[in-house]
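In listed order, ligands and their atoms are each counted from 1. Excluded from the calculations below are hydrogen atoms, water molecules and symmetry mates; all remaining heavy atoms, backbone and side chain alike, are included.
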Amino acid sequence: MAYKAAKGTYDILPKDIDKWHFVEDVCKKICTSFNYQEIRTPIFESTNLFIRSVGETTDIVSKEMYTFDDKKGRSITLRPEGTAGVVRSYVEHKMFADSNQPTKLFYFGPIFRYERMQKGRQRQFTQFGIEALGSKDPAVDVEVISLVVEILQSLGLKKVKVALNTLGDSESRLKYREALVNHFKPVICDLCGDCKARLEKNPLRILDCKVDREHPAMKTAPKLMDYLNEESRKHFEKVKQYLTDLNIDFVIDNQLVRGLDYYNHTVFEVMSEVEGFGALTTLCGGGRYNGLVQEIGGPETPAVGVAFGVERLILALEAEGVNIPSNNKIDAYIVSLGEKANDFSVKLVNDLRRENLQVEKDYLNRKFKAQLKSADRLNARLAVIIGDDELEKDICIIKNLDTGIQEEVALDKVINYIKNK
Ligand code: HAM
């Protein structure tokens, strides 16, 4: 039987790796300039952590988690998102007590969700995320959004839209919840089974339903904006003002509620608007989560963050036709003819590599022409040709593969010659 990658997983092949390096390099560079530091947390955590943080009634927890018992019967889950693990680590390592606050972190890594597969949606995918913990200043919400915009710009993505909403604080939410229940109750028998279950447990999530999206009651649903208390309204006004000050374009989307329960105040997503991208256009999503640190055992700590789907960023780069810088040229290919020359080339490639040069040689005992073809395929700048005759005279022939010009070079000068080229 021939094995295939498990459904919803895929291999990132060497031919595609430049795109990944490009995205990773840009994200890391911009995080550094915004003073975010990298954190790496485990790929699995105790299941409870995700139930507590992401929320029991969310699709992620109720349908999509890869959960299993370990050999001691402890329930373990492959992380279905990155924030919970980072917050767990923040509390466990008492980062709130560090003198530098807010704590600003970023991460890259695999995420697992048992979802229906389609373009831009896998069961194992990669998130790049950032979390800023320890400040309730709306300027930090805007810092996170401006970091996102900076990344998109540096990647060369132009056709993007920032959608913004507020969920208010818990007091505002409670009032809004009541209004939603009253609004949907009379029509609940028309709505899908998930919505029926959400009515009492989590009515806000009805607004996010993919099945009943077109139902007239969705369009006339009360808007949270009308239920915000003074503090929540002020926070949102500041966010909008700072975004405007920074010339960051955004649209207000009252339907934007996000798929995880820990949010309050600002929530946002960035969508790709390029044609041919496919149905799943959300490149990243995030927001404020002021109650989460306390929820999982830490002190009361306001926080805000965002995560990108890296595969979707790469799809967007392809759809927008962005030129990805690639490093696919090697410095030299050693063409050796004859046993002695081959023996010599083993040492020569090693010496050249020690000088940090990118060098390859033939390992298949191929003929002269085939070795030159290999050099060409590898985009080598130079071919260093050594036959047993050349070896006798302590020389080699170096051919510039761009110009075709060749020169005789003394063997003891080869390293310097290639370095200078
Ligand atoms: P999320 O919206 O669930 O948020 O996921 C963030 C991003 O991950 C999405 O915008 C999308 O690009 C990508 N994504 C989600 N599911 C898939 C999938 N099945 N296949 C490919 N890409 C996918 C979070 O996870 C929050 N932890 C974000 C956050 C950080 N909020 C605060 N801090």
Side-chain angles (χ1 to χ4, degrees), residues 7-10 12 23 27 31 36 39 41 45 49-50 53-55 58-61 63-66 78-90 102-133 140-141 143-145 147-148 151-152 157 160-163 165 167 205 208 210 256-272 277-293 301-317:
K7 194 170 172 188
T9 71
Y10 61 93
I12 302 167
V23 172
C27 291
C31 279
Y36 284 73
I39 182 165
T41 64
E45 301 265 358
L49 174 71
F50 300 114
S53 51
V54 177
T58 57
D59 284 355
I60 295 178
V61 169
K63 304 180 194 165
E64 296 170 359
M65 295 210 300
Y66 281 88
L78 300 185
R79 63 182 178 198
E81 61 106 50
T83 311
V86 170
V87 173
R88 194 262 315 130
S89 173
Y90 171 85
T103 302
K104 305 206 301 187
L105 306 166
F106 78 88
Y107 51 90
F108 261 99
I111 304 287
F112 305 85
R113 295 185 190 173
Y114 191 82
E115 291 199 81
R116 224 164 16 88
M117 277 185 45
Q118 73 187 86
K119 187 175 170 196
R121 192 201 272 149
Q122 302 88 34
R123 291 182 176 170
Q124 175 177 335
F125 59 100
T126 312
Q127 276 189 355
F128 157 67
I130 67 165
E131 315 292 350
L133 303 112
V140 185
D141 308 35
E143 179 177 283
V144 168
I145 297 173
L147 184 146
V148 162
I151 284 176
L152 294 167
L157 294 174
V160 291
K161 178 178 88 178
V162 179
N165 194 17
L167 302 177
R205 299 213 35 79
D208 204 25
K210 308 274 179 302
L256 183 63
V257 293
R258 309 274 302 124
L260 305 95
D261 278 354
Y262 47 62
Y263 293 110
N264 39 50
H265 292 289
T266 319
V267 284
F268 64 92
E269 288 183 351
V270 177
M271 267 71 78
S272 169
F277 187 75
L280 298 164
T281 58
T282 309
L283 301 175
C284 70
R288 223 171 225 291
Y289 51 94
N290 289 351
L292 182 59
V293 176
T301 308
V304 53
V306 64
F308 281 95
V310 180
E311 289 78 4
R312 291 199 195 166
L313 277 178
I314 288 171
L315 282 176
L317 288 173

remark   = With heavy atoms and a 4.0 Å threshold, my read on which part of V306 contacts ligand 1 is backbone
request  = Do me a favour and list the nearest non-hydrogen protein atom to atom 11 (C) of ligand 1 with residue, atom name and distance?
outcome  = R312 NH1, 3.5 Å
task = Could you check atom 13 (C) of ligand 1 against the protein and tell me its nearest heavy-atom contact, residue, atom and distance included?
result = G309 CA, 3.6 Å
key: G120 to ligand 1, any heavy atom closer than 4.0 Å   = yes
ask   = Are Y90 and T103 linked by a side-chain donor-acceptor pair shorter than 3.5 Å?
value = no
request  = Flag the pair C27 / I151 as yes when at least one side-chain heavy-atom distance between them is below 4.5 Å, and no otherwise.
outcome  = yes
ask   = Do we see a donor-acceptor contact under 3.5 Å between the side chains of Y107 and E131?
value = yes
query = Hey, does E311 sit under 4.0 Å from ligand 1 if you only count heavy atoms?
reply = no
message = Counting only nitrogen or oxygen atoms and a 3.5 angstrom limit, does Y107 reach ligand 1?
response = no
query = Under 4.0 Å from ligand 1, counting heavy atoms only, is it the side chain of E115, its backbone, both or neither?
reply = side chain
ask   = Closest non-hydrogen protein atom to atom 7 (C) of ligand 1, residue and atom name please, with distance?
value = A307 O, 3.6 Å
request  = Assess the side chains of Q122 and T9: does a donor N or O sit below 3.5 Å from an acceptor N or O?
outcome  = no
query = Looking only at protein heavy atoms, which one is nearest to atom 26 (C) of ligand 1, and how far off is it?
reply = Y262 OH, 3.3 Å
request  = Output the list of atoms in ligand 1 that are nearer than 4.0 Å to some heavy atom of G285, sorted by atom number.
outcome  = 10 (O), 28 (C), 29 (C)
task = Measure the distance from atom 30 (C) of ligand 1 to every protein heavy atom, then report the residue, atom name and distance (to 0.1 Å) of the closest one.
result = T83 OG1, 3.0 Å
message = I'd like to know if R258 contacts ligand 1, where contact means a heavy-atom distance under 4.0 Å to any ligand atom.
response = yes
Electrostatic pair R258:E269 at N-O distance under 4.0 angstrom = yes
key: Contacting atoms of ligand 1, where contact means under 4.0 angstrom from a heavy atom of G286   = 31 (N)
note = For C284 and V148 the tightest heavy-atom approach is SG-CG1, 3.7 Å
request  = Report the nearest protein non-hydrogen atom to atom 33 (N) of ligand 1: residue, atom name, distance rounded to 0.1 Å.
outcome  = E131 OE1, 2.8 Å
ask   = Counting heavy atoms only, which part of L283 comes closer than 4.0 Å to ligand 1: side chain, backbone, both or neither?
value = backbone
request  = Could you give me the CA-CA distance, side-chain angles and deciding distance for E115 and R123, then say whether salt bridge (Lys or Arg N to Asp or Glu O under 4.0 Å) is met?
outcome  = CA-CA 6 Å; E115 291 199 81; R123 291 182 176 170; over 6 Å; no
remark   = ligand 1 atoms nearer than 4.0 angstrom to some heavy atom of E81 are 25 (O), 26 (C), 27 (N)
inquiry  = Students often mix this up, so state it plainly: with edges at 30° and 60°, are the rings of Y263 and Y289 parallel, tilted or perpendicular?
reply    = perpendicular
task = Identify, for atom 5 (O) of ligand 1, the protein heavy atom at the shortest distance, and state residue, atom and that distance.
result = Q127 NE2, 3.2 Å
message = Determine whether a donor-acceptor pair (N or O, by modelled atom type, separation under 3.5 Å) exists between the side chain of R79 and the backbone of T41.
response = yes
task = Provide, to 0.1 Å, the distance between atom 22 (N) of ligand 1 and the closest protein heavy atom, together with that atom's residue and name.
result = F125 CD1, 3.4 Å
note = For Q122, the atoms of ligand 1 under 4.0 Å from one of its heavy atoms are 18 (C), 19 (N), 20 (N), 21 (C)
request  = Run the salt-bridge test on K104 and E143 with the 4.0 Å N-O cut-off and return the result as yes or no.
outcome  = yes
request  = Could you tell me which atoms of ligand 1, counted from 1 in the order shown, lie closer than 4.0 angstrom to a heavy atom of Y263?
outcome  = 26 (C), 28 (C), 29 (C), 31 (N), 32 (C)
task = Assess C284 for proximity to ligand 1: is some non-hydrogen atom of it under 4.0 Å away?
result = yes
query = Can the ring centroids of Y66 and Y114 be said to lie less than 6.0 angstrom from one another?
reply = yes
remark   = Numbered in order shown, the ligand 1 atoms found under 4.0 Å of a heavy atom of R113 are 1 (P), 3 (O), 5 (O), 15 (C), 16 (N), 25 (O)
